[in-house]
Each structure stands twice: as structure tokens, then as C-alpha cells.
Amino acid sequence: MPELPEVETIRSQLEKLIVGKKITKVDVGLPRMVKLSLDKFRKIVVGAKIESIGRRAKILIFGLSNGWSMLIHLKLSGRLIFRKKGEILKDEDAKWNHLIYYFQDGSRLFHNDLRQFGYVKLIETDKLADFFKKEKLGPEPLKKYFTFEDFSAILKRKPKAKIKQFLMDQQNISGIGNIYSDEILFFAGVHPLRKISELKPKETKKTFQGIKKILTEALKLQGSSVDLYLNALGKEGEYVPRLKVYGREGEKCKKCGGAIQRLKIGGRSAHYCPSCQKVLN
DNA sequence: TTTCCTGTTAGTGT
DNA sequence: AACACTAACAGGAA
């Protein structure tokens with residue numbers, strides 16, 4: 001699932017691959033994914049040159065040469081895969097290529113999405129700041145300016161929230177999803193159901209360190225190919241062997257040897273080690 | 001065969 | 001306001 005490390009991997013790859021290229025054509029196989037009229041979408045996108053590839057939270061931002069920005073969210077199963085002229089995707093994947101961007105040099109970018117929850121929308125570049133302000137997204141956790149003091153202040157706003165849900169809420173901190181929230185809490189030794197107001201100072205500190213450490217390491221290994229994720233080159237990420245709890249229900253804890261457990265929190269699954277992450281300390 | 005479950009988030013309901 | 005729940009979807013597992 002594309003969370004911050006996966007989306008950022010795609011961003012940095014696309015930056016090298018398509019910045020400077022002009023879009024000459026776009027195929028839209030699934031109009032539902034385009035959050036504006038197709039006519040308008042085509043009119044704005046076709047003929048534009050890509051000037052930059054940015055990211056905010058889990059959203060990719062293609063800066064176009066005509067004053068517009070294209071926002072792409074991959075949601076659960078989206079992929080953005082680049083292919084040089086003449087190269088195609090595997091046949092079995094082709095039926096999920098809902099949008100295809102053609103560039104002047106014959107290369108293409110495939111927006112592939114099995115579950116079809118992803119979207120693309122257009123925002124005028126000078127209104128981007130307003131747009132993100134309205135979304136109320138929390139800070140980017142890997143930026144140097146996101147400090148322990150910031151984290152503590154944000155925690156204080158939601159004293160009653162459960163820490164697992166807090167970490168996944170994009171309005172608190174942006175970019176963390178189900179996989180990395182589980183991994184961060186295992187690192188911190190904090191049970192996913194712990195209430196924020198009841199966290200000890202040491203646990204708060206360790207959770208903050210976990211955010212920085214886990215996301216940085218996952219990014220270094222180009223993310224986790226749980227399920228369907230592939231990067232912009234169509235390759236899997238390499239972080240899965242490093243996952244300590246996510247997707248490991250019933251398997252041995254890598255720290256204490258006990259069995260990893262799973263429970264539901266707000267409709268989501270949380271994976272944790274019941275002896276390394278206690279409910280009460 | 002059918003039902004359940006998985007991921008993210010916008011939207012609705014309490 | 002702040003929280004909880006669900007729909008949107010396809011496909012793999014039970």
C-alpha cells in the first residue's frame with residue numbers, strides 16, 4: 001500500500017524520468033478516476049510540459065507548464081509505472097491501466113489501479129497552498145522542521161485518541177498508514193490501543209524516534225511491496241523482510257519469540273506483540 | 001458457491 | 001466539535 005515511503009520513492013523516480021517531458025496524448029479508460037470533466041482534463045493536460053514532481057502526504061503533485069498542477073492519489077492499490085518507447089507492462093497488469101500518459105519521446109506513464117480508488121485532479125498551481133490548507137494536513141514527518149516538540153504539541157490536541165488511530169490520521173501527521181503505524185508502535189514498545197493522555201514521556205519520545213527511524217529506513221529500501229505495490233520502474237520495494245509485525249499474525253515476534261497478534265481498531269487491523277507492547281505499564 | 005476481508009479517505013451519521 | 005461508521009472496488013482466502 002503506498003504510504004509515505006512508497007509515494008516518495010515514486011516521486012523521486014518520476015522526477016528523474018519525466019520532468020521536462022511534454023504530454024502529447026492521454027488515454028482515459030476509467031473516467032471515474034478523473035475528478036473533473038474529461039474534456040477539461042484533456043484540454044489542460046495534453047500539450048503541457050511536466051516541470052516538477054512534488055509530494056504532500058500521500059499525494060503526488062505534477063507541476064505543469066501551463067499554471068496547473070495535477071494531483072494524483074494512489075489510495076490502496078495504485079501504481080504509476082514509467083515505460084520507455086516500445087516497452088509495455090506485463091499483460092496480466094494491462095487491464096488495470098486506467099490512465100495512460102503519452103510523452104513526446106514515445107515514452108509512457110501508466111496509472112494502474114486494481115481497486116480503482118485512486119484519483120487524479122487538477123488545481124491551479126497558485127491555489128495549491130489554499131487547497132492543502134483546507135485539507136488541514138499535518139506536518140511531513142521526515143522534514144527536519146518536524147521536531148519532538150511539534151509532535152508533543154500535536155499529541156496534546158487529541159488526549160483521548162488511541163495512538164494507532166492518531167498516527168494514521170493525516171490531519172495529525174501526514175503520510176503514515178496502516179503498515180508503518182504498526183511498525184512504529186512495535187519499535188516504540190507501545191500497544192496500539194494506548195490512549196495518548198496515558199503515554200509516559202519515554203513512550204512519547206520513543207514513538208517520535210520510531211516515526212523518523214521506520215519511515216527513513218523504509219524509504220531507503222524503496223518501501224514495502226505488500227500486496228500490489230510497485231515503484232515507478234515496476235519493481236518491488238525491499239522493506240517487507242524488515243517488517244516486524246505487519247502481516248505477521250501468528251508468527252514469532254522477532255524480539256521475544258512470542259506470537260504476533262492482530263486486533264481491530266476502528267475497522268482497521270493492528271498487528272502487535274502482546275508481550276513487547278503492553279496495554280498497561 | 002458464497003461470504004468475508006484487505007487497503008485509504010470522503011462523506012454521512014451520531 | 002469530535003467521534004464512529006460506511007461506501008467506493010476487485011480478488012484472494014476461508
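Chain letters run A, B, ... following the sequence lines, proteins first and then strands; every chain starts at 1.
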For [X] and [Y], test the side chains for any donor-to-acceptor distance below 3.5 angstrom and give the result as yes or no.
{"X": "Tyr180(A)", "Y": "Glu6(A)", "value": "yes"}
{"X": "Thr24(A)", "Y": "Tyr101(A)", "value": "no"}
{"X": "Tyr272(A)", "Y": "Gln261(A)", "value": "yes"}

Contact class for [X] vs. all strands (heavy atom < 4.0 Å): base, sugar-phosphate, or nothing?
{"X": "Tyr246(A)", "answer": "sugar-phosphate"}
{"X": "Glu135(A)", "answer": "sugar-phosphate"}
{"X": "Gly177(A)", "answer": "sugar-phosphate"}

When the distance from [atom1] of [X] to [atom2] of [N] is rounded to whole Å, what number comes out?
{"X": "Lys35(A)", "N": "dA10(B)", "atom1": "NZ", "atom2": "P", "answer": "11 Å"}
{"X": "Arg56(A)", "N": "dT9(B)", "atom1": "CZ", "atom2": "P", "answer": "12 Å"}
{"X": "Leu4(A)", "N": "dT9(B)", "atom1": "CG", "atom2": "P", "answer": "11 Å"}
{"X": "Leu114(A)", "N": "dA8(C)", "atom1": "CG", "atom2": "P", "answer": "18 Å"}
{"X": "Arg32(A)", "N": "dC9(C)", "atom1": "CZ", "atom2": "C1'", "answer": "7 Å"}
{"X": "Tyr119(A)", "N": "dA7(C)", "atom1": "OH", "atom2": "P", "answer": "21 Å"}
{"X": "Arg157(A)", "N": "dA1(C)", "atom1": "CZ", "atom2": "C1'", "answer": "14 Å"}
{"X": "Lys264(A)", "N": "dC4(B)", "atom1": "NZ", "atom2": "C1'", "answer": "10 Å"}

Handout entry: Closest-nucleotide ordering on DNA chain B, the 5'-leading residue of Arg262(A) and Lys58(A)
Key = Arg262(A)
Handout entry: Partner nucleotide of dA1(C) by Watson-Crick or wobble geometry (both distances under 3.5 Å)
Key = none
Among [options], the nucleotide that comes nearest once only the side chain of [X] is considered:
{"X": "Phe117(A)", "options": "dC3(C), dT9(B), dC9(C)", "result": "dC9(C)"}
{"X": "Gln165(A)", "options": "dA10(B), dA4(C), dG11(C)", "result": "dA4(C)"}
{"X": "His73(A)", "options": "dT9(B), dC9(C), dC3(C)", "result": "dT9(B)"}
{"X": "Lys95(A)", "options": "dC3(C), dA8(C), dG11(C)", "result": "dG11(C)"}

Handout entry: Gln116(A) side-chain N/O to dA8(C) phosphate OP1/OP2 under 4.0 Å
Key =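 Result: no.
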Exercise for the section: Take Ala161(A) and Gly267(A), find for each the nucleotide of DNA chain C with the closest heavy atom, and name the residue whose nucleotide sits nearer the 5' end. Expected result: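 Checking each residue's closest nucleotide, the 5'-ward one belongs to Ala161(A).
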Handout entry: Ionic contact status for Glu183(A) with Arg242(A), cut-off 4.0 Å
Key = no
Handout entry: Nearest heavy atoms of Val245(A) and Cys273(A), plus distance in Å
Key =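 Reported closest heavy-atom pair: CG1-N, 4.2 Å.
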